[in-house]
> 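Supplied in structure tokens, the structure appears directly below.
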Amino acid sequence: MTKKVKLAYLVSHPIQYQAPLLRRIAQEPDIELTVFFSSDFSVRSYKDEGFGGVGVKWDVPLLDGYHHEFLPGIRENATVGVTRPLSYGILKRLRGGKDESPFDVVWVHGYSTVNAMHGILAAKALGIPVLLRAESWLRDRERTGLKLAAKHLFFKFLKQCIDGVLPIGTLNSAYWRHYLGDDFPQYLMPYAVDNDYFQRRSQEAIPHREQLQKELNLDPSRPVILFASKLQSRKRCGDLLTAYLNLSPGPGQDPRPYFVIVGDGEERAALEKRAADSGCSSIRFCGFRNQSELPGFFDIATIFVLPSRHEPWGLIVNEVMNAGRAVIISDDVGCQPDLVTDGVEGCIFPAGNVAALTDALQRALATPETAQLMGRRGLERIQTWSYEEDIVGLRKAIAQTTGKIIA
């Protein structure tokens with residue numbers, strides 16, 4: 001090997017979950033990674049509508065440790081949609097120039113935006129292999145027959161433009177098989193987080209546990225149910241609030257566990273009103289907290305619950321498992337087949353079924369040892385769902401599409 005394989009990655013904007021993975025890929029001695037962003041809005045302070053318009057500025061490094069470029073922009077308003085952000089110049093960069101060789105392979109994040117398709121078609125025109133990664137799954141939402149027919153037609157076209165897909169897990173792999181066929185090349189690239197980081201931060205949080213418990217006025221002898229996500233309707237925090245109140249031993253009595261809610265969004269006011277109307281004094285609303293703060297909340301939690309509908313993956317589940325905490329998730333959370341088995345690392349319940357969610361809470365909290373054992377099993381399981389598996393899958397994809405590196 002005398003020459004590195006040139007890998008271009010095209011993505012809309014810097015994403016906090018992706019930055020550590022990009023740094024890890026950049027360490028591969030025979031891969032020269034360049035990341036092309038269409039916008040820089042996420043490295044500036046911006047308002048995230050999913051968090052109810054709260055100003056967001058991530059406190060983890062998004063651009064360190066890997067080579068990146070921002071493509072010239074045409075349309076950008078700090079949101080991501082079919083036509084936003086919009087940029088140009090990718091064909092010229094992929095082609096190279098007098099003093100720069102063309103790229104060997106292009107990896108594109110998503111296919112449902114103008115920018116993503118622009119990158120895919122540019123690479124196709126230059127004869128550069130394309131790898132595609134996305135979060136899609138078949139349970140996403142119902143569509144009319146006309147829309148499904150149009151989608152199948154689109155995928156017939158897309159199949160001719162790409163050379164392989166990088167499924168993030170079981171349900172995503174089934175999606176690609178459905179639309180691209182059983183024989184289309186797939187290279188598993190698991191949806192993972194920086195396990196080492198979250199395990200380290202969870203350990204670092206332990207000496208500060210008492211301080212956070214005092215801040216939230218929590219009795220350390222009582223268990224804690226944690227919800228940490230955007231307060232949007234599809235996240236179904238209202239279902240969890242109802243299930244939590246069902247744990248009350250009698251009229252006017254608080255459930256034994258606390259309910260800690262981390263996050264903000266359109267439903268916060270309604271949830272706070274419901275909590276106040278219930279008369280329960282054991283519910284805490286903590287608002288938006290940045291990524292580096294979350295391990296402290298994982299540390300005080302007994303169980304973590306994500307009751308979402310239409311959740312393509314749920315990376316926060318990975319994070320919590322790295323803290324050794326039991327998890328309860330709905331069967332509409334995409335990571336479930338790969339990370340959580342009912343009764344082992346936590347509990348699974350049918351999305352929207354509050355009675356089943358209540359039962360799951362009772363099962364996980366049956367004894368202090370129950371949740372602790374689930375958490376230990378989860379920590380063991382997450383060890384094999386990491387960036388190292390991502391590197392294996394990516395290297396295999398590059399090797400088989402370019403023939404230029406050893407998988």
Side-chain angles (χ1 to χ4, degrees), residues 50 135-143 148 167-175 177-178 191 223-248 255-257 259-263 265-267 270-271 274-275 278 283 301-321 325-367 370-371 373-375 377-378 381-382 385:
E135 300 178 351
S136 309
W137 61 335
L138 294 171
R139 300 184 193 179
D140 191 14
R141 57 187 179 275
E142 293 183 2
R143 290 179 171 85
L148 284 173
I168 63 173
T170 299
L171 297 180
N172 184 228
S173 179
Y175 180 88
R177 285 196 305 273
H178 179 79
Y191 234 21
V224 173
I225 298 168
L226 175 67
F227 173 94
S229 193
K230 295 178 179 179
L231 297 179
Q232 299 172 313
S233 58
R234 75 177 182 88
K235 300 290 186 176
R236 311 291 291 191
C237 186
D239 287 355
L240 180 54
L241 175 56
T242 302
Y244 171 73
L245 294 174
N246 287 344
L247 300 179
S248 170
R256 173 164 171 71
F259 182 18
V260 174
I261 301 172
V262 176
E266 63 201 29
E267 291 208 322
L271 289 166
R274 281 189 58 196
S278 73
I283 303 171
T302 308
I303 54 173
F304 171 82
V305 187
L306 187 62
S308 301
R309 296 294 303 270
H310 310 307
E311 186 77 57
W313 184 263
L315 281 169
I316 194 165
V317 176
N318 300 55
E319 297 176 4
V320 172
M321 291 174 73
R325 295 299 182 263
V327 295
I328 296 176
I329 59 176
S330 80
D331 61 358
D332 221 20
V333 175
C335 68
Q336 181 265 307
D338 298 293
L339 297 185
V340 184
T341 299
D342 187 54
V344 181
E345 298 84 8
C347 299
I348 312 298
F349 71 96
N353 188 328
V354 175
L357 175 53
T358 305
D359 178 68
L361 292 172
Q362 291 170 332
R363 285 192 287 143
L365 293 169
T367 69
T370 303
L373 179 57
M374 288 176 171
R377 289 169 176 164
R381 187 164 184 174
I382 204 66
W385 201 263

> Sorted by first residue and then second, give each salt bridge (charged side-chain N to carboxylate O under 4.0 Å, His left out) pair with at least one member in residues 347-359; sequence neighbours left out.
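Matches after skipping sequence neighbours: D359-R363.
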> For D239, give me all partners under salt bridge (Lys or Arg N to Asp or Glu O under 4.0 Å), at least two apart in sequence or on another chain.
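Salt bridge (Lys or Arg N to Asp or Glu O under 4.0 Å) check on D239 returns R236.
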> Is there side-chain contact between L339 and W313, with heavy atoms separated by less than 4.5 Å?
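Of all side-chain heavy-atom pairs linking W313 with L339, at least one is under 4.5 Å.
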> Rounded at 0.5 Å granularity, tell me how far SG in C237 sits from CD1 in I261.
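Answer rounded to 0.5 Å: 4.0 Å.
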> Quick check: do V305 and L361 have side-chain heavy atoms less than 4.5 Å from each other?
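Of all side-chain heavy-atom pairs linking L361 with V305, at least one is under 4.5 Å.
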> Would you please name every residue forming a salt bridge (Lys or Arg N to Asp or Glu O under 4.0 Å) with R177, sequence neighbours left out?
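Partners of R177 under the salt bridge (Lys or Arg N to Asp or Glu O under 4.0 Å) test: none.
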> Taking salt bridge (Lys or Arg N to Asp or Glu O under 4.0 Å) as the test, write out the residues that go with R274, two or more places apart.
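Scan of R274 (salt bridge (Lys or Arg N to Asp or Glu O under 4.0 Å), adjacent residues dropped) gives none.
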> Quick one: which residue pairs count as a salt bridge (charged side-chain N to carboxylate O under 4.0 Å, His left out) with a foot in residues 347-357, not counting sequence neighbours?
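Qualifying pairs: none.
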> Please walk me through it: do Q232 and E267 pass side-chain contact (heavy atoms from CB on, under 4.5 Å)?
CA-CA 6 Å; Q232 299 172 313; E267 291 208 322; 5.8 Å; no
> I'd like to check the side chain to side chain donor-acceptor pair (under 3.5 Å) partners of S278; sequence neighbours left out, ordered by chain and number.
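Partners of S278 under the side chain to side chain donor-acceptor pair (under 3.5 Å) test: none.
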> If you compare all heavy atoms of A360 against all heavy atoms of I328, which two are closest, and at what distance to 0.1 Å?
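Taking A360 first and I328 second, the nearest heavy atoms are O-CD1, 3.6 Å.
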> Can you sort out the partners of E319 under side chain to side chain donor-acceptor pair (under 3.5 Å), two or more places apart, ordered by chain and number?
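Side chain to side chain donor-acceptor pair (under 3.5 Å) check on E319 returns Y17.
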> May I ask you to test the L306-V320 pair for a side-chain heavy-atom distance under 4.5 Å?
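No; the side chains remain at least 4.5 Å from each other.
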> For L231 and G263, which heavy atoms make the closest approach, and how far apart are they?
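Shortest heavy-atom contact: CD1-O, 3.6 Å.
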> What heavy-atom pair brings L138 and A174 nearest, and what distance separates the two atoms?
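Looks like CD1-O, 4.1 Å.
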> Please report the C-alpha distance between T358 and L247 in whole Å, then the side-chain angles of each, then the deciding distance to 0.1 Å, and finally whether the side-chain contact (heavy atoms from CB on, under 4.5 Å) criterion is met.
CA-CA 7 Å; T358 305; L247 300 179; 4.1 Å; yes
> Could you give me the CA-CA distance, side-chain angles and deciding distance for K235 and E311, then say whether salt bridge (Lys or Arg N to Asp or Glu O under 4.0 Å) is met?
CA-CA 8 Å; K235 300 290 186 176; E311 186 77 57; 2.9 Å; yes
> Applying side chain to side chain contact (heavy atoms under 4.5 Å, CB included), can you list everything that pairs with A351, at least two apart in sequence or on another chain?
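Partners of A351 by the side chain to side chain contact (heavy atoms under 4.5 Å, CB included) criterion, ordered by chain and then number, come out as R309, S330, D331, D332.
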> Backbone N or O of W137 within a donor-acceptor pair of the N172 side chain at under 3.5 Å?
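Side chain of N172 to backbone of W137: no pair is present.
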> How about P223 and I303: do any of their side-chain heavy atoms sit closer than 4.5 Å?
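They are not in contact (no side-chain heavy atoms under 4.5 Å apart), so the answer is no.
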> Check D342 against C347 and note the closest heavy-atom contact, atom names and distance.
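What the structure gives for the nearest pair is OD1-CA, 3.2 Å.
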> Keeping the roles fixed (side chain from T302, backbone from I225), state whether a donor-acceptor pair exists under 3.5 Å.
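Flag not set: sc T302 to bb I225 has no pair under 3.5 Å.
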> When rounded to the nearest 0.5 angstrom, what is the spacing between CZ in F259 and CG in L240?
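It comes to 3.5 Å.
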> Can you list the residues that meet the ring-ring contact (aromatic ring centres under 6.0 Å, His included) rule with F227, with sequence neighbours excluded?
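Counting only residues at least two positions away or on another chain, F227 forms no ring-ring contact (aromatic ring centres under 6.0 Å, His included).
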> Which residues satisfy the ring-ring contact (aromatic ring centres under 6.0 Å, His included) test with F349, sequence neighbours excluded?
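By the ring-ring contact (aromatic ring centres under 6.0 Å, His included) rule, F349 matches no residue at all.
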> I'd like to check the side chain to side chain donor-acceptor pair (under 3.5 Å) partners of Y191; sequence neighbours left out, ordered by chain and number.
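With neighbours one apart ignored, the set is E135.
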> Compare every heavy atom of A228 with every heavy atom of I316, then report the nearest pair and how far apart it is.
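Nearest pair, atom of I316 first, then A228: CD1-O, 3.0 Å.
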> Determine the minimum heavy-atom distance between R234 and P312, stating which atoms define it.
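Minimum heavy-atom separation between R234 and P312: NH1-CD, 4.4 Å.
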> From T367 OG1 over to L373 CG, what is the distance, rounded to the nearest 0.5 angstrom?
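If we round to the nearest 0.5 Å, T367:OG1 and L373:CG are 9.0 Å apart.
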> Is there a side-chain contact between I348 and I329 (heavy atoms, below 4.5 Å)?
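Yes - at least one pair of side-chain heavy atoms lies under 4.5 Å apart.
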> Does R381 have any side chain to side chain donor-acceptor pair (under 3.5 Å) partners at least two apart in sequence or in another chain, and if so, which?
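Expected list: T341, E345.
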> Could you go step by step and tell me if T170 and S173 meet the side-chain hydrogen bond (donor to acceptor under 3.5 Å, both in side chains) rule?
CA-CA 5 Å; T170 299; S173 179; over 6 Å; no
